[in-house]
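Quick note on labels: first sequence line is chain A, next is B, and so on, each numbered from 1. Everything quoted here is computed from the prediction, not taken from an experiment.
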2 protein chains.
Amino acid sequence: MANNNLSLDTAFYALSDPTRRAVISRLLRRSAPVKELAEPFKMGLPSFLKHLRVLEESGFIVTEKIGRTRTCRVRVERLEEAENWLSEQRKLWQAATDRLAHYVEEQMPGDGTDD
Amino acid sequence: MANNNLSLDTAFYALSDPTRRAVISRLLRRSAPVKELAEPFKMGLPSFLKHLRVLEESGFIVTEKIGRTRTCRVRVERLEEAENWLSEQRKLWQAATDRLAHYVEEQMPGDGTDD
DNA sequence: ATTATTGTTTGCCATATGGTGAACTATAGA
DNA sequence: TCTATAGTTCACCATATGGCAAACAATAAT
């Protein structure tokens, strides 16, 4: 229903950072606590937490704190939403391309090798 | 070969803005000059040009100036690159899901309806 | 030759982003 | 209880972003 656009804004924005993409990749293989997730990166925990929050607010991950560790897991649906926008755009383009092909075919039945 | 990561950074970043996504959508139907592209938006031309530059530098559009008008067209390859990253991630996830399914199946041959 | 149109450049501004270190909380372990 | 661990919060900073108005091309159009 609601503001799907906003959701796309935050989704693509979240994906625009290599740290955040790496976290998603990592979590797709297996859920993990914050510290383990943060290890591969040379930034401090507070910075890393900001990235996690971006991922969570954009809906890419969900977290749950048990005891003193917070476990993160990915929400694949969000990946699919972003993917869907892109594939829909491609459909638009394909439709336009088909129209163009039709047009070209009608205009020049002989040869189309011109640039 | 080269820095595909940087390219993903800029690609997703470019897609994170509604104005820029709208421009891409528009251009997928038909190429257009700057002024025509800018019309639907209430911002000034200079601001709009910044968006166009982001789109051009991220490889989503190509522009050519003829006379006093600059025509913009979309580069679909870039859309596909972004889409590919997402679909590859989904493959990772699917592989992990399959492994989990295997595991569950081996552990409980009776019923798998548990969460 | 004027004038209108189309785009571009230049400063400027408020806010967001991504990082830091340091202090703090809360749980687990010895 | 004391201490180490895992995460969180806070104040701060430099830079990037996205908008603006205004001045400036450069090319049509009259």
Side-chain angles (χ1 to χ4, degrees), chain A residues 3 5-27 30-74 82, chain B residues 3 5-27 30-74 82:
Chain A
N3 236 340
N5 286 347
L6 181 67
S7 147
L8 277 176
D9 285 10
T10 59
F12 283 125
Y13 175 70
L15 292 176
S16 74
D17 184 280
T19 298
R20 294 193 288 259
R21 285 200 306 278
V23 168
I24 291 179
S25 277
R26 185 111 197 293
L27 286 178
R30 186 194 316 169
S31 296
V34 172
K35 195 209 176 188
E36 185 184 325
L37 278 179
E39 246 169 50
F41 309 97
K42 71 266 163 263
M43 70 186 73
L45 256 231
S47 316
F48 187 75
L49 279 186
K50 284 191 186 177
H51 287 299
L52 281 190
R53 204 163 301 134
V54 169
L55 285 173
E56 191 164 19
E57 285 177 359
S58 62
F60 278 109
I61 70 171
V62 174
T63 74
E64 188 191 10
K65 191 164 185 178
I66 297 179
R68 72 181 161 182
T69 78
R70 177 177 295 279
T71 305
C72 310
R73 66 179 179 77
V74 135
Chain B
N3 235 343
N5 286 347
L6 181 68
S7 148
L8 276 176
D9 285 10
T10 59
F12 283 124
Y13 175 70
L15 292 177
S16 74
D17 183 280
T19 299
R20 293 193 289 260
R21 285 198 307 278
V23 167
I24 290 178
S25 278
R26 186 112 199 293
L27 286 179
R30 185 195 315 169
S31 296
V34 171
K35 196 209 174 189
E36 185 185 325
L37 279 178
E39 245 169 51
F41 309 97
K42 71 270 162 263
M43 71 187 73
L45 257 228
S47 315
F48 187 75
L49 279 185
K50 282 191 188 176
H51 287 298
L52 281 190
R53 205 164 301 131
V54 169
L55 285 173
E56 190 164 19
E57 284 176 359
S58 61
F60 278 109
I61 69 170
V62 174
T63 74
E64 188 191 9
K65 192 164 185 178
I66 298 179
R68 72 183 160 179
T69 80
R70 176 177 296 279
T71 305
C72 309
R73 66 180 180 79
V74 135

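Between the C1' atom of C:dT6 and the CD atom of B:E39 lies a distance of 12 Å, rounded to the nearest Å. Computed from coordinates, the B:E57 CD to D:dG18 P distance equals 12 Å when rounded to whole Å. One interatomic measurement links the two molecules: CG of B:L52 to P of C:dT8, which rounds to 9 Å at whole-angstrom precision. A:L37 places its CG atom 13 Å from the P atom of D:dA6, with the value rounded to the nearest Å. Here C:dT17 presents its C1' atom at 16 Å from CG of A:D9, a figure rounded to the nearest Å. Here C:dT25 presents its P atom at 17 Å from CG of A:L49, a figure rounded to the nearest Å. The CD atom of A:E56 sits 13 Å away from the C1' atom of D:dG7 (whole-angstrom rounding).
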Shorter than 3.5 Å, N or O on both sides, protein versus nucleotides 18-24 of chain C: list them out with atom names.
residue, atom, partner, partner atom, Å
C:dG18, OP1, A:Y13, OH, 3.1
C:dG18, OP2, A:Y13, OH, 2.8
C:dG18, OP2, A:R20, NH1, 3.2
C:dG18, N7, A:K50, NZ, 3.4
C:dG19, OP2, A:H51, NE2, 2.2
C:dG19, N7, A:K50, NZ, 2.9
C:dG19, O6, A:K50, NZ, 2.4
C:dT20, OP2, A:G44, N, 2.9
C:dT20, OP2, A:S47, OG, 2.6

Would you tabulate the pairs of protein nitrogen or oxygen atoms and nucleotide nitrogen or oxygen atoms of nucleotides 25-27 of chain D closer than 3.5 angstrom?
residue, atom, partner, partner atom, Å
D:dT27, O2, B:R68, NH1, 3.0

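Residues A:A82 and A:L8 share a closest heavy-atom pair of CA-CD2, 4.5 Å. Nearest heavy atom pair, residue A:T19 against residue A:M43, reads OG1-CE, 3.5 Å. In terms of heavy atoms, B:T10 sits closest to B:S7 at OG1-O, 3.1 Å. Of all heavy-atom pairs spanning A:A32 and A:L27, the tightest one is N-CD2, 3.6 Å.
In this structure, B:R53 does not reach the C:dT8 phosphate: none of its side-chain N or O atoms is under 4.0 Å from OP1 or OP2.
Each salt bridge (Lys or Arg N to Asp or Glu O under 4.0 Å) pair with one or both residues in residues 37-50 of chain A, not counting sequence neighbours, would appear here, but there are none. Screening residues 53-66 of chain B for side-chain hydrogen bond (donor to acceptor under 3.5 Å, both in side chains) gives B:E56-B:T63, B:T63-B:R70 as the qualifying pairs, with residues at least two apart or on separate chains. Pairs engaging residues 43-73 of chain A under the ring-ring contact (aromatic ring centres under 6.0 Å, His included) rule: A:F41-A:F48 [sequence neighbours left out].
With A:L55 as the partner, the side chain to side chain contact (heavy atoms under 4.5 Å, CB included) test is satisfied by one option alone out of A:D17, A:V23, A:V74: A:V23.
Under the rule for a salt bridge (Lys or Arg N to Asp or Glu O under 4.0 Å), A:R20 has no partner lying at least two apart in sequence or in another chain.
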